[in-house]
Amino acid sequence: MNLRPLPDRKIFIAFCLLALIGAGLVVFTFLGDDTTHLICTGSFDNFQSAAATLQLRAILHYATSKTVPQQSVDEISISFNVLKSIAPCNFLVFGLGHDSLMWASLNPGGVTLFLEEDPKWVHSVIKDAPDLKAVTVKYRTRLSQADQLMNTYRSEPECAPSKSYLRGNTRCKLALTGLPDVVYDKEWDIIMIDAPRGWFAEAPGRMGAIYSAAVMARNRKKGGVTHVFLHDVDRKVEKAYAEEFLCRKNLKDGAGRLWHFEIPAAAAAGNVTEGKGGTSFC
């Protein structure tokens, strides 16, 4: 297979990003008051102006930067199509990176919150993109514990799908307990997992993020499904934890190293496997 030289590929990806953001801007421009007045308290004109400013800032950023997002155009397009259909929405992103301004701009008027483990990196990104909402979080796991956590979580009742919860759940090591209250209090329409780091033994790994995304999706009270996007599924841990907690039956789409799950609420779907004594998420 012949690949384009790297500079040409970067130009191609940047052009596609501009096209995606531009398409989002066009779609948002034609949204009527009926779509937006339910989620903002100010006037529609002010709301539209703020959202358009964010999108224009993103277009300027990617048009003038040599750095492009880590995800491929095909991977980004899957998330873009979902955002196009349900934005404005509540969008939770594990990870803050070169694509963050793009994700926020594709959810105009919605809540897009980034969770990042490195406070220095948060400061660096926010300095150049002050419109982004990002918080620093700490993780209780290490990648080297992935197999042990997978083998033992079913023996801990506080991890069970029938009782799963996050805030204050110190007994379940996979539950993310140190998140800001806003993460627990909101129901997230989209959860993207592209962090924390998971490529060396002492890194936090994404075990807790995947488990916690499954718990948040299953505990959803309002209608519809939770869209969960997981990146780097070519890696052993991401794939194994996705199949254990996000479930193959919920896998909707995929491209490259990205899988897209649509997870129904447990109460609405009877989403517990009775044959395994209620101990399985799938």
Side-chain angles (χ1 to χ4, degrees), residues 54 69-71 75-76 79 82-83 87-107 110-143 146 149 164-170 172-199 202-220 226-233 235 237-238 241-242 245-246 258-261 263:
L54 177 61
Q70 295 168 279
Q71 294 187 27
E75 292 167 344
I76 292 170
S79 307
V82 173
L83 281 163
C89 64
N90 294 332
F91 186 10
L92 182 66
V93 184
F94 285 86
L96 183 70
H98 300 300
D99 53 2
S100 297
L101 190 58
M102 175 189 67
W103 294 129
S105 72
L106 292 176
N107 186 29
V111 175
T112 305
L113 178 64
F114 300 91
L115 307 179
E116 172 58 42
E117 60 178 301
D118 184 351
K120 292 182 179 179
W121 178 243
V122 171
H123 177 76
S124 175
V125 173
I126 296 300
K127 180 180 63 175
D128 296 328
D131 297 317
L132 297 180
K133 296 179 175 64
V135 294
T136 305
V137 298
K138 293 183 178 180
Y139 293 91
R140 298 193 290 161
T141 59
R142 297 189 305 274
L143 184 64
L149 290 169
S164 55
Y165 64 100
L166 299 179
R167 181 159 39 194
N169 189 357
T170 57
C172 180
K173 294 182 180 180
L174 286 172
L176 298 183
T177 59
L179 302 178
D181 285 340
V182 64
V183 178
Y184 304 122
D185 294 339
K186 278 192 177 295
E187 292 199 341
W188 300 97
D189 304 297
I190 302 177
I191 302 173
M192 179 170 287
I193 305 170
D194 205 0
R197 294 170 296 169
W199 63 87
E202 296 306 311
R206 297 180 186 173
M207 302 84 69
I210 294 170
Y211 172 86
S212 297
V215 171
M216 286 187 274
R218 291 168 54 83
N219 290 345
R220 182 183 177 94
T226 302
H227 298 270
V228 178
F229 297 96
L230 174 62
H231 199 226
D232 296 317
V233 294
R235 300 197 302 218
V237 169
E238 278 81 352
Y241 272 74
F245 298 109
L246 304 178
L258 182 86
W259 278 353
H260 168 209
F261 298 85
I263 302 180

Quick one: [atom1] on [X] to [atom2] on [Y], what's the gap to the nearest 0.5 Å?
X	Y	atom1	atom2	result
Trp259	Glu238	CH2	CD	10.5 Å
Tyr139	Phe94	OH	CZ	5.5 Å
His260	Phe229	NE2	CZ	4.0 Å
Leu101	Asp128	CG	CG	10.0 Å
Leu179	Lys138	CG	NZ	13.0 Å
Leu115	Ile191	CG	CD1	9.5 Å

Least distance between heavy atoms, [X] atom then [Y] atom:
X	Y	result
Pro88	Gly110	CB-N, 3.5 Å
Gly95	Ala195	CA-CB, 3.3 Å
Leu246	Ala214	CD2-CB, 4.0 Å
Val135	Pro180	CG2-CG, 3.6 Å

- Query: Residues in side chain to side chain contact (heavy atoms under 4.5 Å, CB included) with Ala134, at least two apart?
  - Reply: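 In terms of side chain to side chain contact (heavy atoms under 4.5 Å, CB included), with neighbours along the sequence ignored, Ala134 is linked to Leu96, Phe114, Val122, Ile126.
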- Task: With sequence neighbours left out, write down each residue that passes side chain to side chain contact (heavy atoms under 4.5 Å, CB included) with Lys133, or none if nothing qualifies.
- Result: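 In terms of side chain to side chain contact (heavy atoms under 4.5 Å, CB included), with neighbours along the sequence ignored, Lys133 is linked to Leu113.
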Are any of the side-chain heavy atoms of [X] and [Y] separated by less than 4.5 Å?
X	Y	value
His98	Val125	no
Leu258	Ser79	yes
Arg235	Asp232	yes
Cys172	Tyr165	no
Met192	Leu230	no
Leu92	Ile190	no
Val215	Phe245	no
Leu83	Cys89	yes

Any sub-3.5 Å donor-acceptor pair from [X]'s side-chain atoms to [Y]'s backbone N or O?
X	Y	value
Asp189	Asn90	yes
Thr141	Pro204	yes
Ser212	Leu176	yes
Asn169	Ala175	no
Tyr241	Ala146	yes

- Decide yes or no on side-chain contact (heavy atoms from CB on, under 4.5 Å) for Met216 and Leu166, but give the supporting numbers first. CA-CA 8 Å; Met216 286 187 274; Leu166 299 179; 3.7 Å; yes
- Task: Using side-chain hydrogen bond (donor to acceptor under 3.5 Å, both in side chains) as the criterion, list what pairs up with Tyr184, not counting sequence neighbours.
- Result: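 Expected list: none.
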- Which class fits the ring pair Phe91 and Trp103: parallel under 30°, tilted 30 to 60°, perpendicular over 60°?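 Ring orientation, 0 to 90° scale: perpendicular.
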- Query: What pairs with Asp194 under salt bridge (charged side-chain N to carboxylate O under 4.0 Å, His left out), at least two apart in sequence or on another chain?
  - Reply: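 With sequence neighbours excluded, Asp194 shows a salt bridge (charged side-chain N to carboxylate O under 4.0 Å, His left out) to Arg206, given in chain and number order.
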- Under the salt bridge (charged side-chain N to carboxylate O under 4.0 Å, His left out) test, residues paired with Arg167 that sit two or more places apart: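 Counting only residues at least two positions away or on another chain, Arg167 forms a salt bridge (charged side-chain N to carboxylate O under 4.0 Å, His left out) with Asp181, Asp185.
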- Given the rule in the side-chain contact (heavy atoms from CB on, under 4.5 Å) test, do Leu143 and Glu202 qualify, once you have shown the distances and angles that lead to the verdict? CA-CA 6 Å; Leu143 184 64; Glu202 296 306 311; over 6 Å; no
- Message: For a side-chain contact (heavy atoms from CB on, under 4.5 Å) check, start with the C-alpha distance between Arg140 and Leu174, then their side-chain angles and the critical distance, and finish with the verdict.
- Response: CA-CA 8 Å; Arg140 298 193 290 161; Leu174 286 172; over 6 Å; no
- Query: Does a donor on one side chain and an acceptor on the other come within less than 3.5 Å for His231 and Gln71?
  - Reply: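 Result is no, nothing qualifies.
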- Given side-chain contact (heavy atoms from CB on, under 4.5 Å), test Asn219 with Glu187 step by step and report yes or no. CA-CA 9 Å; Asn219 290 345; Glu187 292 199 341; over 6 Å; no
- Query: Do any pairs count as a side-chain hydrogen bond (donor to acceptor under 3.5 Å, both in side chains) and have a residue in residues 110-123, sequence neighbours left out, and if so which ones?
  - Reply: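 Found Asn107-Thr112, Glu117-Arg197.
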